[in-house]
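The chains referred to below are lettered A, B, ... by the order of the sequence lines, with proteins before strands, and numbering in each begins at 1.
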Protein chains: 2
Amino acid sequence: MQQRIAEAAERLGYQPNPMARGLKGGPSGLVGMLVADIRNPFSVAVMHGVEQACRAQGLSLMVCNTDNDPVLERQHLALLTSYRIEGLIVNAAGRHSEPLAELASDGLPLVLLDRSLEGIAADEVGLDNNLAIDMALDHLTEQGYRRVLFVTELPTRASSRQTRVARFESECPERQLAGKVLSLDLDDTTCLDHELSAFLDTPDGHPAAILCGNGQVTLAVTRALQARRIPLGDTGLMGIDELDWCQLVTPGVTTLAQPTDAIGQAAVEQLRDRQAQPIAPAPRHLRFTPQLIPRGSTRREQSASTTDETSP
Amino acid sequence: MQQRIAEAAERLGYQPNPMARGLKGGPSGLVGMLVADIRNPFSVAVMHGVEQACRAQGLSLMVCNTDNDPVLERQHLALLTSYRIEGLIVNAAGRHSEPLAELASDGLPLVLLDRSLEGIAADEVGLDNNLAIDMALDHLTEQGYRRVLFVTELPTRASSRQTRVARFESECPERQLAGKVLSLDLDDTTCLDHELSAFLDTPDGHPAAILCGNGQVTLAVTRALQARRIPLGDTGLMGIDELDWCQLVTPGVTTLAQPTDAIGQAAVEQLRDRQAQPIAPAPRHLRFTPQLIPRGSTRREQSASTTDETSP
DNA sequence: TTGTAAGCGTTATCAA
DNA sequence: TTGATAACGCTTACAA
């Protein structure tokens, strides 16, 4: 009997209207994602992982870019909830966002990507930031650098940046490294040149390296170094986030690659898990291990300019 | 009287439910966008322009990534239409897509980004491909290259690629250039090395250059050239699409930058225009002019390795 | 097993 | 000017 309607539906090309369905409160099959900056390759890479996972689960993904604008974030949040999303993956929200906290307490499955949010007890998925900093400092130490400048975007905006800065500051002394932190506003990189000079021009004989907090910073710093004709390797350069061009800029830029696909997929799984749980379990935090991709930019004794061909 | 309800709505934080609204058939304020490859920086850049324009118009944008998969494309199309979008911006659809044609003939405002589609008479917004090829060939000729290899992704997939190939083939003879076309499957770049060798190893004394059809190709070719230790400039390299790293790879990669923001915004405007028209006017084609950013990779007599600092 | 009815939050139409 | 009512397409609960 049901066969007959199923087959008639097939024949007529019937497709249920998700609007009507959503009205009544049924499952929407929709997952929302809030991205702080769609032009950040890391975000895009994670998003790709999220998409794949959604597809595998038969879910549809609705992506919104907030461009780091709290107002936009609020609007998009309203849009997403009005479409009855079943889960939300968030890679935005600089500060404690009230609407977001409200949603979480309303029981909407929520996964925070690459950041924690004050006052919101939600699942988190992201890099193991402490480990990443440790790995970076270990590598730089091994390569013989004794002074390190950590350049990061304004850490007030994202908790992961704060974590990295904190770890950097606590771990440098442990390794007898002279550490310094530079907070950068990417819209105004004039101070970068200045600070870079100040850091590099100290002729105390200790080899110096620069550690970049994310891909955008790596780009800005590489540009600045190149403008000042500073050869890489002699002055160390290392970045968190692997980028297309890191192997192209001679002698190659050393990076800590994030497992972006895995992170995206984990976010969706987390969402499903939570949906399946009738009583909300304690928030889970998933921290992924980065992969060190050593290249020429952290090789001090340049034995001929060997092009690095490591692939990401 | 209406004031009272307006103020009550404000007080209670009332927000109309777009589901219910959509059910009845009212305006949804939603625009859909289909992107073939979210990891293509060009697509992301255009998407950013689209977003800005939507915001300015008070529209919400729903983006779907098809990953060049016709099946996914169909699914996403179904999703978007079920949400009663008021307009659709498409940067996918390799071949004549039936569902798309259907939508267009149903009167849904449709803008094709960077491609035409057989059998679909819709508005188109994109680069002036003929002009772009002409500009590239002019530049390469001026710089003294006499042989050019045009590397493109499989042109069967996108009309803009076909247009570029056709123009390349017809214009090379005009300029007494020896032109050759290489169609590349980016998932399998083994043939690239091979073909590159074949092209460059012909010692007929004529300076050779490689022209890349888009950013992804530029990346693949730059990698291949670097692997073979071929210095840029001597062998010319030029790409369509400006990328972050083009100024970083010494001596800088010459590009034709697309005005991505303008293209995205034009797409949304086109949508609105069409919506406003009661009777559908003939499809409009908007073709944008690229910007030549000359760098060291097309400079033959390298007078000292001057770092190019032109910004995009 | 099959059929009917109410309700989800809007908008549009029509009467009062 | 205002208020009541039907309809959008679906789900769910209950009656035949």
Study note, to complete from the structure: Once base and sugar-phosphate atoms are separated, protein heavy atoms under 4.0 Å mark nucleotides 6-11 of chain C, 5' to 3', with B, S and - as -BBBSB

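Within the 4.5 Å cutoff, the side chain of A/N91 has no heavy atoms near those of the A/V46 side chain. A/L34 is listed as a side-chain neighbour of A/L80, based on a closest heavy-atom distance under 4.5 Å.
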Review point. Stepwise, does the side-chain contact (heavy atoms from CB on, under 4.5 Å) test hold for A/E73 with A/S97?
Key: CA-CA 9 Å; A/E73 183 178 316; A/S97 155; 3.8 Å; yes

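Closest heavy-atom contact between B/D241 and B/Q258: OD1-NE2, 2.8 Å.
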Exercise for review: State the dot-bracket string of DNA chain C. Criteria: Watson-Crick or G-U wobble, both atom distances under 3.5 angstrom; notation: ( ) intrastrand, [ ] crossing earlier pairs, | interstrand, . unpaired.
Suggested key: |.||||||||||||||

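We find that A/E98 and A/R74 are not joined by a salt bridge, their nearest charged nitrogen and carboxylate oxygen being 4.0 Å or further apart. Taking 4.0 Å as the cut-off between side-chain N and carboxylate O, B/R164 and B/D114 count as a salt-bridged pair.
In this structure A/F42 satisfies the ring-ring contact (aromatic ring centres under 6.0 Å, His included) test with no other residue, sequence neighbours excluded.
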